[in-house]
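Working notes, structure below.
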Amino acid sequence: MFTLAELEAAAHLVHAAFPATPSYAWPLLAARAGAEVWVKHENHTPTGAFKVRGGVTYMDRLRRDRPQVRGIVSATRGNHGQSLAYAGGRAGVAVTIVVPHGNSVEKNAAMRAQGARLIEHGEDFDAARVNARALAEAEGLEFAPSFHPDLVVGVATWALELFRTAPALDLLYVPIGLGSGICGAIMARDLLGLKTEIVGVQSTGAPAYALSFAAGHVVEIPRADTKADGVATRQPDAGALAIIRQGASRIVTVTDDEVAAAIRAYWTDTHNLAEGAGAAPLAALLQERAVVAGRRCGVVLCGGNIDLALFREWVLEGK
């Protein structure tokens, strides 16, 4: 899809906006997992999530190739929208974001603070996405999808940083929402000529990609039932699925209870706060202790944007 030179150029663009995020091997996580655990801290970006990297590269291409665009519109559960709002503010492009009803109060506030016009529509991400497309046509806006090559090459820079910072990894666990994070990791690994096994992670309550991976074609599910909103996708992207089936070894599914335990582990072992999707890779690694024992593993803490109310209810069980 891209060359190494193009990926490095994307990293240069991203680093003009903010510095590389840290990668640490945490000893308490290693003791917990029985393996060396390197954490890529994408919760330390300006929006608290890895998606902002794709927003920067997407907006740069838009500004150069289609300067006449009046504005863009997209759908999100939060991190993609914050990414576009942040990048749109830097580029002077108006951004409209459609979120489902009941979306994260704090993510909604963050998107508005970044300058986005926010619209609530539908009961889940996929319903919001349909409305965003309709709005693009009605108002003459550019629809910005959640999976696009210009997004993927930017997002892939997190994996480029990790692979160049950490010692050679045996395995890397990556969550799957619509697919940019794992596809970017596959791209970076392949361009660097590494042998790291990449494992996708989904929720047991929203296993659309896991089912599609096994079936060999897109499988849409009727509902996404998980508190980890960043992986609550019902309909996989066909292009992303093709890359994942070719480049990932498997997809592991984790329960919300396992994700909550992983969020608690991040807090006690590293004093970092993770959102549901951000903790899902660690949840999968801990589920696979027998597989990872004695090996060098990586996980991406892809976001830390969890509402305080959800944290109390879900992770702390109301305490």
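Numbers here simply count residues along the sequence, with the first being 1.
Between L273 and N43, every side-chain heavy-atom pair lies at or beyond the 4.5 Å cut-off. Between T233 and D124, the closest side-chain pair of non-hydrogen atoms is not below 4.5 Å. Counting heavy atoms from C-beta on, the side chains of V39 and Y24 never come closer than 4.5 Å. A heavy-atom distance below 4.5 Å is found between the side chains of L316 and F311. Between I97 and I119 the shortest side-chain heavy-atom distance does not fall below 4.5 Å.
Ring planes of W267 and H271: tilted class, angle from 30 to 60°. Aromatic ring orientation, Y58 versus H148: perpendicular (interplanar angle above 60°, classes split at 30° and 60°).
Applying the salt bridge (charged side-chain N to carboxylate O under 4.0 Å, His left out) test to every pair with at least one member in residues 252-273, sequence neighbours left out, gives these pairs: R32-D269. Residue pairs satisfying the salt bridge (charged side-chain N to carboxylate O under 4.0 Å, His left out) criterion with at least one member in residues 79-92, sequence neighbours excluded, are absent. Pairs passing the salt bridge (charged side-chain N to carboxylate O under 4.0 Å, His left out) check and including a residue from residues 291-303, sequence neighbours excluded, read E36-R296.
Other residues, nucleotides and ligands contribute at most 12 non-hydrogen atoms within 6.0 Å of the CZ atom of R223. Within 6.0 Å of the CZ atom in F18, the count of heavy atoms belonging to other residues, nucleotides or ligands exceeds 12.
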Take D150 and T57 through the side-chain hydrogen bond (donor to acceptor under 3.5 Å, both in side chains) test and state the conclusion after the steps. CA-CA 6 Å; D150 291 336; T57 51; over 6 Å; no
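Of the charged side-chain nitrogens involved, none lies within less than 4.0 Å of a carboxylate oxygen, so that E197 and R189 do not count as a salt-bridged pair. Between E42 and K51, none of the side-chain N atoms (NZ, or NE/NH1/NH2) sits under 4.0 Å from a carboxylate O, so this pair counts as no salt bridge. At a threshold of 4.0 Å, the pair R70-E139 does not count as salt-bridged, since none of the basic side-chain nitrogens sits closer than that to a carboxylate oxygen.
The closest side-chain donor-acceptor pair between N79 and E275 falls under 3.5 angstrom. Using modelled atom types and a 3.5 Å distance limit, the side chains of S74 and H80 yield a donor-acceptor pair. A donor-acceptor pair shorter than 3.5 Å cannot be found between the side chains of T253 and Q202. Between R53 and T157, the side chains place a donor N or O and an acceptor N or O closer than 3.5 Å (distance only, hydrogens not considered).
Considering I72, V95, T96 as possible partners of L141, the one that fulfils the side-chain contact (heavy atoms from CB on, under 4.5 Å) test is T96.
Between Y173 and A284 the shortest heavy-atom distance is CD2-CB, 3.8 Å. Of all the heavy atoms in V73 and L135, the pair that sits closest is CG2-CD2, 4.0 Å. Between P281 and V201, the closest heavy-atom pair is CA-CG2, 4.0 Å. The minimum heavy-atom distance between G181 and V155, with the atom names listed, is CA-CG1, 3.7 Å. Across every non-hydrogen atom of W314 and K227, the tightest pair is CG-CD, 3.7 Å. Here the closest heavy-atom approach between residue G55 and residue A87 is recorded as O-CB, 3.2 Å.
If you look at H12 and H15, their ring centroids are not closer than 6.0 Å.
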